[in-house]
Protein chains: 2
Amino acid sequence: MATTLFSLTDTAASDHEASAAVGLAPAFSPLYQQIKVLILKSLQTGEWKPGELIPSEMELAVRFRVSQGTVRKAIDELAAENLVMRRQGKGTFVATHAEQQVQYRFLRLMPNSGDLRSEGPAERQIIDCKRLRAPADIARSLALRAGDAVLQLRRVLAFQGAPTILEDVWLPGGPFKGLTAERLASYRGPMYVLFETEFGVRMVRAEEKIRAVAADAASAELLGVRVGEPLLSVERTAYTYNDLPMELRRGLYCTDKHYYKNELS
Amino acid sequence: MATTLFSLTDTAASDHEASAAVGLAPAFSPLYQQIKVLILKSLQTGEWKPGELIPSEMELAVRFRVSQGTVRKAIDELAAENLVMRRQGKGTFVATHAEQQVQYRFLRLMPNSGDLRSEGPAERQIIDCKRLRAPADIARSLALRAGDAVLQLRRVLAFQGAPTILEDVWLPGGPFKGLTAERLASYRGPMYVLFETEFGVRMVRAEEKIRAVAADAASAELLGVRVGEPLLSVERTAYTYNDLPMELRRGLYCTDKHYYKNELS
DNA sequence: CAGTGGTCTAGACCACACT
DNA sequence: GTGTGGTCTAGACCACTGC
């Protein structure tokens, strides 16, 4: 690890002058931010995989030639962003969608009373799964070029026998080469866990656009509701480590027995 | 400030034994958590009001007889929860809904392209404002007893001339004694700012339950849509400092030109 | 200039988990 | 016991703000 770190004292003055001359913002980050970026790189490259133990704070401090406190602050931020998980007495682990207390980390749906766990696992039915060339809008959302290969998956989730979610999922063809309907259908457990273990793609964060729409004929049929029934439209873009979009998901949620829960602060 | 703090070393051993004897969980928090609670108390009692400067880290360290680093960690958490705001070189300020970069902190609505600011301020029209006895469901949400006095407000928000949000707001009668339709109508600026300045009530966090519903006759009329049109139903409970519910808000959002934006991580 | 928050260090000790 | 993360301290220096 011969990575060179810049201490604030070494470079602050000269850099401020340089960047002023070129008209750039002072692009200097504190040491712990630089450490954070280095750790992030190791996560991206897969040096430490989801669920694995990363080196201890002291080891990292030695490797990066900084104090333990500086490493600690870097890891603190990574933990706040749910990229790693600290466990006192054991160490720091790469976050994973597996073995989480909440089964679906990005699914904000709740039954009108109780919680999702009390409803048992969702019954999943895959309607369709095919490879195709990305239409312009899908391509844009996935940071691809129109016509690039993508994988499309359509499925229905039912809770306690009631079809509740109809969703279309688009994945970039490259990273998910080899994903088939059979592979998906035979997999027990959350989709994002399969993505991690089989394709090395970890979803880190997501953005959702939510609207109310009327059920069209096809959706109504699959969800067992009347045409025109109000449905919650949830369009999710999920990102992996470097803000790289890796999944587009368009869901239609029945919100008679469930609601979408959000916490603001 | 004669508040007594318990250091971990002083009390950890004996307390563990004591609590084990009584069958309680070890209720000991680290020093910085105790400091955080003390600062929180000063925020609740209004010793420092929204927008005001709180004592410097050094002053608080002296007051609480701990090191600056411990105070710092307490304030770090308060800042992460948006209860205070740090500004380098100036100090730490009590968070306020006023003078925030984003006008509506709890409003997640975005135009299909651009952002809310680019649409200019919302036009607000108050439909109704009255005092009444709380129905059972409203009372429960506001932690009141059925029949307690509440204030109900109904209004429409329009963006660029298009009615977009119809919302009913319920407020507990006690804390908001003296709030009238005129007072609301004449007030320029966000409602939550008025709550802070006139009633000393600061909304700290909120929970929302989101569903898709069909417009009924009254809502359709007020929003200028057809009856049966899908609308986003957003039920928000807003809380002040000690997780005390202080507002219930039921909104119907038109989501043809806007969407509800959510970020997951 | 002094005062604020922000960073970095070094060292001590505590709480927890495994062996 | 050893090693991990968690807390607490003290002191140094940096960056920003306003006098």
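No experiment lies behind these values; they were computed from the predicted model shown. In the text below, chain A, chain B and the rest are named by the order of the sequence lines, each starting its count at 1. Every heavy atom of this structure was used, including side-chain atoms; hydrogens, water molecules and symmetry mates were not.
- Nearest nucleotide to the B:S56 side chain, out of D:dC8, C:dC16, C:dG5: C:dG5.
- Taking atom CD of B:E59 as the reference point, atom P of C:dG3 lies 11 Å away to the nearest angstrom.
- For the pair A:K90 and A:Q33, nearest-nucleotide mapping onto DNA chain C gives the more 5' position to A:Q33.
- Pairing of C:dT19, defined by two Watson-Crick or G-U wobble distances under 3.5 Å, is not identified with any nucleotide.
- Checked against the 6.0 Å centroid threshold, A:F195 and A:F176 count as a close aromatic pair.
- In this structure, B:F93 places its CZ atom 13 Å from C1' of C:dG3, rounding to the nearest Å.
- Using a 3.5 Å distance cut-off with no hydrogens or angles, the side chains of B:E247 and B:T237 do not pair a donor with an acceptor.
- Distance CD (B:E57) to P (D:dT9): 14 Å, rounded to an integer number of Å.
- Two rings, from A:Y253 and A:H258, have their centers 6.0 Å or more apart.
- DNA chain C is contacted by A:T70, A:K73 of residues 68-78 of chain A, taking any non-hydrogen atom closer than 4.0 Å.
- A straight line from CG of A:L53 to C1' of D:dG5 spans 11 Å, rounded to a whole angstrom.
- A cation-pi arrangement is present between B:R87 and B:F93 under the rule of less than 6.0 angstrom and at most 45 degrees off the ring axis.
- Nearest heavy atoms, A:I39 versus A:A74: CD1-CB, 4.5 Å.
- Under 4.0 angstrom from either OP1 or OP2 of D:dT4 there lies no side-chain N or O belonging to A:R86.
- Atoms CE (B:M58) and P (C:dG5) sit 10 Å apart, rounded to a whole Å.
- Minimum atom distance to the side chain of A:P30 is reached by C:dC8, of the listed C:dC8, C:dT9, D:dT4.
- When each of D:dT9, C:dT9, C:dA15 is scored by its nearest atom to the side-chain atoms of A:Q88, the top-ranked nucleotide is C:dA15.
- Counting to the nearest Å, the C1' atom of C:dA15 and the CZ atom of A:R87 are 16 Å from each other.
- Put simply, B:S67 has no side-chain N or O that comes within less than 4.0 Å of OP1 or OP2 on D:dA10.
- Rounded to whole angstrom, the span from the CZ atom of B:R65 across to the P atom of D:dA10 amounts to 12 Å.
- One atom, CE of A:M85, and another, P of C:dC16, lie 16 Å apart when rounded to the nearest Å.
- Regarding contacts with the backbone of C:dG5, a side-chain N or O of B:T92 is found under 4.0 angstrom from either OP1 or OP2.
- The distance from atom OH of B:Y32 to atom OG of B:S67, rounded to the nearest 0.5 Å, is 13.5 Å.
- A cation-pi arrangement is not found for A:R108 relative to A:Y260, the charged atom failing to lie both closer than 6.0 Å to the ring centre and inside a 45° cone about the ring normal.
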